[in-house]
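Here's the structure we're looking at; comments come further down.
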Amino acid sequence: MRKIALHIIMVLAAISCYAQTGDVADAFANAPKSVFPLLDSNTRLDMIDYFRNGLATPSQNALEGKSQITELTPEYMNVKMTDSSTAQLILLKDGRQYVVALINTVAAPGLDSNMKFYLYEDETWSQLDSKYKFSKPGWKEWLTPEGKAHQDEVEMQVPFMLVSYKYDPASKNLVLTNNLSKFLDKELYESISSYLMPQLVYAWNGTKFVLKK
């Protein structure tokens with residue numbers, strides 16, 4: 001009886017440790033359906049197995065389209081959700097806990113992204129206030145020195161920024177790319193392109209993503 005009890009305790013301890021140190025694939029598999037409404041948990045597990053076995057087999061999603069993992073490292077995953085959307089998961093160490101950054105990108109017609117953050121505790125994901133993990137850049141960050149002298153002109157011509165986010169697991173940088181050239185009239189964009197940064201690069205400092213100078 002003691003041996004059985006000891007075995008149970010060891011298994012529970014192992015599960016607890018696994019949940020706290022699991023890689024991003026574990027987070028993807030354990031995510032609530034509300035985070036990935038197009039993919040049930042069994043489909044997500046199949047997708048992980050396909051990728052790890054070198055198979056380019058897509059999986060059917062809830063829209064009867066095809067989804068597929070295209071990149072996977074212990075801390076990063078890129079998922080083709082539909083023909084016009086992707087999801088990136090980044091598992092980040094934040095003190096003694098893990099945080100998952102989820103980047104959703106759609107073609108609109110240029111790529112446009114948004115990012116959410118969740119406290120990762122096995123299958124329980126608690127959404128965090130994103131402003132404490134990443135401050136979305138405004139004109140102050142996007143304008144070049146020349147552009148800052150023409151901010152009124154830029155704001156009049158550009159209704160909003162069209163920006164895609166891409167995490168690079170090798171450099172551990174988050175790269176934001178200006179995609180306005182895909183949205184604005186060619187001549188209009190060329191007239192203001194020198195006023196805008198083509199990219200912004202952020203790095204995780206252990207607590208939040210900060211802009212690299």
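Between A25 and M77, the closest heavy-atom pair is CA-CE, 3.9 Å. Scanning all heavy atoms of the two residues, the minimum distance from A31 to W125 falls at CB-CZ2, 3.5 Å. Closest approach of V99 and L128 over heavy atoms only: CG2-CD1, 4.0 Å. When all heavy atoms of T70 and K80 are compared, the pair lying nearest together is CG2-CB, 4.3 Å. The two residues N104 and A87 have their closest heavy-atom pair at OD1-CB, 3.7 Å. Taking every heavy atom of both residues into account, P37 and A62 meet most closely at O-CB, 4.0 Å.
A side-chain N or O of E155 and one of Q151 form a donor-acceptor pair less than 3.5 Å apart. A side-chain donor-acceptor contact under 3.5 Å links Y76 and Q88. When only modelled atom types and interatomic distance are considered, Y202 and E141 share no side-chain donor-acceptor pair under 3.5 Å.
Around the NZ atom of K66, the shell of radius 6.0 Å holds more than 12 heavy atoms that belong to other residues, nucleotides or ligands. When the shell of 6.0 Å around CD of E187 is examined, it contains 12 or fewer heavy atoms from other residues, nucleotides or ligands. Atom NZ of K136 is surrounded by 12 or fewer heavy atoms from other residues, nucleotides or ligands within 6.0 Å.
Between the side chain of D185 and the backbone N or O of L188, at least one donor-acceptor pair lies under 3.5 Å. Between the D26 side chain and the D23 main chain, a donor and an acceptor come within less than 3.5 Å of each other. Between the side chain of N179 and the main chain of K182, no donor-acceptor pair closer than 3.5 Å is present. Proximity of a side-chain donor or acceptor of T105 to a complementary backbone N or O of S85 within less than 3.5 Å is not detected. Counting only distance, with no hydrogens or angles, the side chain of N178 and the backbone of M161 share no donor-acceptor pair below 3.5 Å. D168 places a side-chain N or O within donor-acceptor distance of the main-chain N or O of A170, the cut-off being under 3.5 Å. Put simply, the side chain of N205 gets close to the backbone of K208: a donor and an acceptor are under 3.5 Å apart.
Under the ring-ring contact (aromatic ring centres under 6.0 Å, His included) criterion, W142 pairs with no residue at all, not counting sequence neighbours. In this structure P198 satisfies the side chain to side chain contact (heavy atoms under 4.5 Å, CB included) test with no other residue, sequence neighbours excluded. Residues passing the side chain to side chain donor-acceptor pair (under 3.5 Å) test with D46: none are found, sequence neighbours excluded.
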Problem set entry | Worked check of ring pair (Phe, Tyr, Trp, His ring centres under 6.0 Å) between F134 and Y165 | CA-CA 12 Å; F134 171 71; Y165 302 177; 5.7 Å; yes
Problem set entry | Candidate pair V158 and L184, rule side-chain contact (heavy atoms from CB on, under 4.5 Å), full reasoning | CA-CA 8 Å; V158 181; L184 296 178; 4.1 Å; yes
Problem set entry | Derivation and outcome, side-chain hydrogen bond (donor to acceptor under 3.5 Å, both in side chains), residues E75 and Y167 | CA-CA 11 Å; E75 68 174 22; Y167 183 76; 3.2 Å; yes
For this session: Would you check, one step at a time, whether the test side-chain contact (heavy atoms from CB on, under 4.5 Å) holds for L39 with M81?
Result: CA-CA 9 Å; L39 304 169; M81 299 297 291; 3.7 Å; yes
Problem set entry | Worked check of side-chain contact (heavy atoms from CB on, under 4.5 Å) between V79 and Q68 | CA-CA 6 Å; V79 185; Q68 184 179 3; over 6 Å; no
For this session: Check the pair I90, I103 against side-chain contact (heavy atoms from CB on, under 4.5 Å), reporting the backbone distance first and the verdict last.
Result: CA-CA 8 Å; I90 314 163; I103 300 171; 3.9 Å; yes
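For the atom pair L55 CG and M47 CE, the distance stands at 13.0 Å (nearest 0.5 Å). If you take OG1 on T82 and CD on E64, they are separated by 14.0 Å, rounding to the nearest 0.5 Å. Note that NZ of K133 and CG of L119 are 9.0 Å apart. Values are rounded to the nearest 0.5 Å. The distance from atom CG of L63 to atom CG of L38, rounded to the nearest 0.5 Å, is 4.5 Å. In this structure, R44 CZ and S59 OG are separated by 11.5 Å, a value rounded to the nearest 0.5 Å. One finds the CE atom of M197 at 7.5 Å from the OG1 atom of T144 (value rounded to the nearest 0.5 Å).
Using cut-offs of 30° and 60° for the angle between ring planes, the Y195 and H150 rings count as parallel.
Put simply, the side chain of I69 does not reach to within 4.5 Å of the side chain of N78, judged on heavy atoms. No side-chain heavy atom of T43 sits less than 4.5 Å from a side-chain heavy atom of Q60. Taking 4.5 Å as the limit, some side-chain heavy atom of Y118 sits within range of a side-chain heavy atom of V35.
Criterion: ILVMFWY side-chain heavy atoms under 4.5 Å apart, direct or through other members. Under it, Y120 and F117 are not part of a common hydrophobic cluster. Under the 4.5 Å side-chain heavy-atom criterion for Ile, Leu, Val, Met, Phe, Trp and Tyr, V210 and W204 are members of distinct hydrophobic clusters. Linking Ile, Leu, Val, Met, Phe, Trp and Tyr residues whenever their side-chain heavy atoms come within less than 4.5 Å places Y189 and V154 in a single cluster. Both L92 and L174 belong to a common hydrophobic cluster when Ile, Leu, Val, Met, Phe, Trp and Tyr are linked at side-chain heavy-atom distances under 4.5 angstrom. Placement of F183 and L111 in two distinct hydrophobic clusters is found when ILVMFWY residues are connected by side-chain heavy-atom separations under 4.5 Å, directly or transitively.
Taking the ring centroids of F36 and F28, they lie under the 6.0 Å cut-off.
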